[in-house]
Protein chains: 2
Amino acid sequence: MSKKKITIQDIAGTASVSKSTVSRVLNGTTPVAEDKRLAVMEAMKALDYKPNVFARSLAGGKTMTIGIVTENIGSPFYDSVTQGVMKGLNSTEYTPIIADGQWQPKLERIAISTLVDRQVDGLVMVGGLLDSEALDEFRQETPIVIVARSLPGWENESITIDNLAAAKSATNHLIENRHREIAHIMGDQTHQDAKDRYQGYKAAMREANLPLSDHLFVQGNFESQSGVNAIETLLRREKPFTAIFAANDQMAIGARLALYRANIRVPQDVSIIGFDNQSESAYSTPPLTTVNQPAADMGVAASRMLIGKITNKPVEIPTFSAELILRESVARID
Amino acid sequence: MSKKKITIQDIAGTASVSKSTVSRVLNGTTPVAEDKRLAVMEAMKALDYKPNVFARSLAGGKTMTIGIVTENIGSPFYDSVTQGVMKGLNSTEYTPIIADGQWQPKLERIAISTLVDRQVDGLVMVGGLLDSEALDEFRQETPIVIVARSLPGWENESITIDNLAAAKSATNHLIENRHREIAHIMGDQTHQDAKDRYQGYKAAMREANLPLSDHLFVQGNFESQSGVNAIETLLRREKPFTAIFAANDQMAIGARLALYRANIRVPQDVSIIGFDNQSESAYSTPPLTTVNQPAADMGVAASRMLIGKITNKPVEIPTFSAELILRESVARID
DNA sequence: CAGGCGTTACGTAACGTTTTCGCAAGGAAT
DNA sequence: ATTCCTTGCGAAAACGTTACGTAACGCCTG
């Protein structure tokens with residue numbers, strides 16, 4: 001459609017003012033006489049003027065872009081968080097640019113560098129592995145907010161839930177249903193979340209005076225297959241268990257499949273509870289009882305928090321809490 | 001760390017050459033004497049020089065960014081495709097910037113505009129709804145490639161599989177297992193893919209001389225819940241069916257849940273076949289027989305194709321074909 | 001030996017903004 | 001009436017690159 005790129009100069013011409021004035025009405029930095037302002041506005045509309053993002057960034061220093069660092073292993077939970085971040089940015093002037101860390105510290109570092117080189121105005125980390133010092137280094141260049149990961153020293157720039165408490169209440173739900181031999185499929189222990197959930201599980205067991213036997217723990221890695229393997233391990237141990245608390249839904253669903261293959265009914269023989277409430281869990285057979293993390297909302301909050309930091313405006317951030325979603329994978333023992 | 005931004009000028013200084021020469025070794029546009037080239041390289045290393053992306057874009061016209069238009073309804077299949085596109089970009093100099101159309105033509109248009117205003121060097125549409133003419137308009141501004149959607153007139157700039165053939169072979173698999181009353185849960189008919197899969201189903205039935213009764217079709221919308229509803233509808237009709245071909249895995253899984261609730265066994269009483277092979281499907285109970293679309297690979301191919309168009313270099317693009325993944329949700333009738 | 005032609009390097013003009021500076025014009029204060 | 005602030009606006013200088021035109025040099029050609 002538009003033959004030539006039309007610039008601020010062109011509209012300055014047709015509105016017969018100077019470039020500077022046009023820039024001023026554009027940014028509202030200095031008051032401009034009403035008639036000129038209108039003339040400018042009109043010219044902009046008439047010529048369908050679109051400011052050149054790059055010239056603007058070069059001259060002004062702000063790029064109106066936000067970097068998002070993801071860990072693209074295709075985990076539904078983190079995907080939801082990422083989408084939340086983008087959704088939060090949608091109503092703003094900022095555009096997201098994404099780089100992927102793939103849960104590898106080295107790549108994560110490169111991802112952040114790429115983004116910083118692109119002079120993003122801010123950075124949101126969706127999960128991540130880099131330690132506090134590594135991030136501090138980048139923090140000097142640009143504001144950073146972390147979501148879906150708890151990192152000591154970053155309490156004021158991160159959005160998380162209390163994983164320990166949530167895991168505890170999930171375990172308690174099992175205990176209230178009279179389960180005593182409750183197995184736990186642990187997540188990758190390099191993630192703080194996994195550790196917290198494990199601690200929450202132990203706390204609940206301890207408070208209920210239930211034994212914390214070694215044969216009830218199985219190491220998983222947050223992926224479905226590790227849930228399958230976990231059940232196979234558990235079965236091989238030949239120690240009784242009536243319930244399973246998995247550190248995320250993917251492993252819970254893997255576990256459910258392994259039980260199906262072993263001809264063990266859920267929930268009649270064994271109950272399962274997951275974590276994350278990823279959307280597929282509502283449609284498993286039976287629908288999975290799980291702990292809901294408001295993933296998308298957390299993402300939105302993260303973007304708001306970041307923009308607050310960039311613009312130096314205070315933003316009130318809600319505290320997020322996990323919530324037990326009761327479905328059909330837990331049965332009461334009698 | 002770095003106090004000041006160091007520019008091409010600085011390194012020109014320490015290498016005692018002119019800015020232009022530095023730019024030349026940077027871009028390799030014109031040969032440069034070996035000694036100077038080395039001096040420049042050394043200076044760049046020493047000062048840890050990072051070119052300013054924005055100045056570069058302003059002066060040179062190319063922004064080294066690729067726009068990705070997604071339809072963020074959180075569908076695992078499209079998510080995989082998007083991740084594939086980003087993965088393909090990973091090994092290049094290009095950085096992805098994302099905007100979301102949310103399966104709404106109006107928003108999709110805005111998304112594309114945002115990206116075009118940001119002067120992306122090219123655009124990848126992951127799915128999408130806008131018609132050919134609307135896209136043609138944008139195509140004048142920037143190269144566009146479409147992935148996971150077949151659009152007439154765009155055969156040379158899109159990556160898809162033959163949905164009709166794939167659906168036909170899925171249906172045939174059911175027929176070969178002696179099913180005769182095969183129901184079809186249709187996808188949203190505004191998507192060409194859904195239409196093609198429907199046609200493929202019909203073709204298979206016709207060729208096998210099986211009746212195409214109205215009571216075997218149910219309209220869905222690609223989401224899990226519509227799979228649940230579809231089964232309820234089917235059951236209410238009280239006409240026999242022994243197998244279901246769902247237009248995607250999400251609906252297949254919804255259907256499986258509804259059957260579970262109705263105490264109908266899968267696959268003993270009713271067989272199910274899905275479409276997409278989203279990762280969760282391997283862990284459903286029973287694991288779902290489905291049609292695999294190489295989503296991530298298609299995404300990678302799309303990014304390659306786009307970069308080929310941008311740089312005017314021919315790229316050979318593999319043709320992608322669907323493949324039936326045999327798992328445990330289909331039983332033979334005897 | 002002059003003229004022509006590559007090759008290699010440099011200076012400088014864009015690129016489209018924002019921002020600093022300074023200068024008028026006008027009103028208030030002395 | 002003179003001086004002194006405002007207020008509104010234009011000119012011009014950044015911002016960090018790339019690209020274009022051109023000059024210097026050495027070498028080949030006639």
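Numbered from 1 within each chain, the chains take letters A, B, ... in sequence-line order.
- Between B:Arg56 and D:dG16 there is no side-chain polar atom (N or O) within less than 4.0 angstrom of OP1 or OP2.
- Rounded to an integer number of Å, the gap from A:Asn52 CG to D:dG16 P is 17 Å.
- The shortest side-chain heavy-atom distance between A:Tyr49 and A:Lys5 does not fall under the 4.5 Å cut-off.
- Toward the 5' end of DNA chain C, the nearer of the two residues B:Ser16 and A:Gly60, judged by each one's closest nucleotide, is B:Ser16.
- B:Ser23 and B:Ser20 form no side-chain donor-acceptor contact under 3.5 Å, judged by distance and modelled atom types alone.
- Between the C1' atom of D:dT18 and the CZ atom of A:Phe54 lies a distance of 15 Å, rounded to the nearest Å.
- Among D:dC9, D:dT17, C:dA9, the nucleotide with an atom closest to any side-chain atom of B:Lys19 is D:dT17.
- Within the structure, a side-chain polar atom (N or O) of A:Ser23 is placed less than 4.0 Å from OP1 or OP2 of C:dT18.
- With hydrogens and angles left out, the side chain of A:Ser20 and the base of D:dA11 share a donor-acceptor pair within 3.5 Å.
- If you measure from atom CZ of B:Arg37 to atom P of C:dT8, you get 12 Å, rounded to the nearest angstrom.
- For B:Ser18 and C:dC10, the shortest distance from a side-chain N or O to OP1 or OP2 is below 4.0 Å.
- With contacts defined as side-chain heavy-atom distances shorter than 4.5 Å, the pair A:Ile144/A:Val124 does not qualify.
- Note on A:Thr7: only backbone sugar-phosphate atoms sit closer than 4.0 angstrom, heavy atoms only; bases stay farther off.
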Is there a salt bridge (charged side-chain N to carboxylate O under 4.0 Å, His left out) between A:Glu34 and A:Arg37? Walk through the geometry before answering.
CA-CA 5 Å; A:Glu34 191 60 13; A:Arg37 233 202 66 226; 3.0 Å; yes
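- The distance between atom CE of A:Met64 and atom P of C:dT17, rounded to the nearest whole Å, is 15 Å.
- B:Asp117 has its CG atom 15 Å from the P atom of C:dG16, to the nearest Å.
- For the pair A:Arg149 and A:Trp154, the cation-pi test (distance below 6.0 Å, angle within 45°) is failed.
- Residue contacts shown for B:Lys36 are limited to sugar-phosphate atoms, with no base heavy atom under 4.0 Å away.
- We find that NZ of B:Lys62 is positioned 17 Å from P of C:dC15, with the value rounded to whole Å.
- The interatomic distance linking A:Ile6 (CD1) with C:dC15 (C1') rounds to 15 Å, in whole Å.
- A:Met44 places its CE atom 17 Å from the P atom of C:dG16, with the value rounded to the nearest Å.
- When the nucleotides C:dC10, D:dG16, C:dT12 are ranked by their closest atom to the side chain of A:Leu58, D:dG16 comes out on top.
- The base of D:dG10 sits with one of its N or O atoms less than 3.5 Å from a complementary donor or acceptor on the side chain of A:Arg24.
- Considering only the side chain of A:Pro31, D:dG8 comes nearest among D:dG10, D:dG8, C:dC10.
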